[in-house]
Amino acid sequence: MTKTRNAVAIYARISQDRTGEELGVKRQLQDCRAEAEKRSWTVAQEYVGDDISAYSGKKRPEYERMLRDIAEGRRDGVIVWHMDRLHRQPKELEGFVEVCTRAGVRDVVTPSGDLEFANGDGLLMARLLAAVAANESDSKRRRGKRKAQEIAESGKPMMGGPRPFGFQDDRVSHHPAEAPVIRQLARRALAGETLTSLATWLQDEGITTTQGKEWRTNTLRTVLTNPRMWGMRVHQKQVIGKAVWEPIITEDEGERLRRKLLDPARRTNRSARRYALSGMLECGKCGNRMHSHPRGQYRRYGCLKGPDSRGCGGVFIYAEKLEEFIAEAVLYRLDSPELHRTLTEDTTAPDEVRALEEAIEADAAKLDELAEMWADGDITRAQMKTMQSRVEARLEDNRRAFSRLTHPADAAEYIGQGQELRQKWHTLNLSQQVAIIKAVLHKVAILPATTPGRHGIDPNRVVPEWRL
Ligand SMILES: [Zn+2]
């Protein structure tokens, strides 16, 4: 319901917050003006009060002036950013309501649009107070968001969350040890050194993140491509202007790092698309996942030692022969009577499924509990790790058993087609091949080579774990 008003008052007040006071008022005024425009109201006067007098009980000249103007019939509406900007005490509110009621001013609104006077009785008071109270938490959140925006626009840092690498606790001064590290990392990355190599170097130097963690390539990428490093203020993932701190690296370096490290063409794992067994191979020595790791012209899978993969670095295998071998085994299996039996016999016992479900849930809860116990200091990190790996191993087994029991149909369309698929195997694209392999094969452990450097396949090194 929008009525025309020609002489509206806007009231803003400097908050008790110690920083960004002027900005706070500017924001309130902007919001209130927008509200007036939305309602097609004409603003006659803006009043800007301040907190100090509100607290000391002294006169509040701006507030008093507004009340006077309302009482004398010169204002026909009031827009205030929030009721708590207008009054600190219920008593004040009473006085305000009285003045408005007597002057016939009923339009008292906030930009959030939830306060309007209807009539000036005690009931209204109660309603208003309730509305103010109910609005309080919402308004705090709104103020918080506003505040963050203001701080960002002023180029100052936001103080929550972990300290950014390269800066001291004030988030403005350079960290004497870390800032030079950033410069060195930037220089080396731009010279073509890989993030893996840089993360390894950090690890060897004993340099951790500001949270004391070891570097991963993706955390390193995030740091090196963060415009904060070249003196830019980022707010909600957007650069919104210059920051108040000095840049650690130049803007030119920063832009080049972004191009180099965030280029989607570089980041898509080209090799992954060529490696049919990606994610399915496990190191037979340490149990870690194996990754694509070509050497020269040869594609290989390997257990890698780097900062991201944490393997033992002890097992490698040439990809081509292994993939052929696995594909052959998969196709053979698709035609095996054994598989037919598995699929045709409905062996799924509901009790067994339910028991597995419960075990999985219980273990998942246990993992949370362990993390909590560690956080509370009830167990040491080492104890947590030990128990965690025990629970995780069991969880993994149960999950596998569960999917075996509940999803045998994944492979149904390939069953009995081994012979046919074999003939057109090389015409299938990689994702088709992967789908077929994954339908029947859960994972493959690769044992260390007994005759190193051998390109052919040693079947004894390959230990498949069938899904079906
Ligand atoms: Zn390993």
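Starting from 1, each residue takes its place in the sequence as its number. In each ligand, atom 1 is the first atom listed, and ligand 1 is the first ligand listed.
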Electrostatic pair K366:E369 at N-O distance under 4.0 angstrom: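 No, this pair does not count.
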Under the salt bridge (Lys or Arg N to Asp or Glu O under 4.0 Å) test, residues paired with E178 that sit two or more places apart: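 Per chain and number, E178 pairs via salt bridge (Lys or Arg N to Asp or Glu O under 4.0 Å) with R163.
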Row check, F325 ring normal vs R461 NZ/CZ: under 6.0 Å, within 45°: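 Here R461 fails the 6.0 Å and 45° test against F325.
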Quiz item: cation-pi between R188 and W201, 6.0 Å / 45°: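 Output yes; distance and angle both within limits.
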Sidechain-backbone polar pair: Y301 side chain, L281 backbone, donor-acceptor under 3.5 Å: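 Absent.
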Protein N, O or S atoms lying under 2.8 Å from the Zn ion (ligand 1), listed by chain and number: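 Hits for the Zn ion (ligand 1) below 2.8 Å: C283 SG, C286 SG, C303 SG, C312 SG.
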From I446 atom CD1 to L322 atom CG, the distance as rounded to the nearest 0.5 Å: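 Spacing of CD1 (I446) from CG (L322) equals 5.0 Å.
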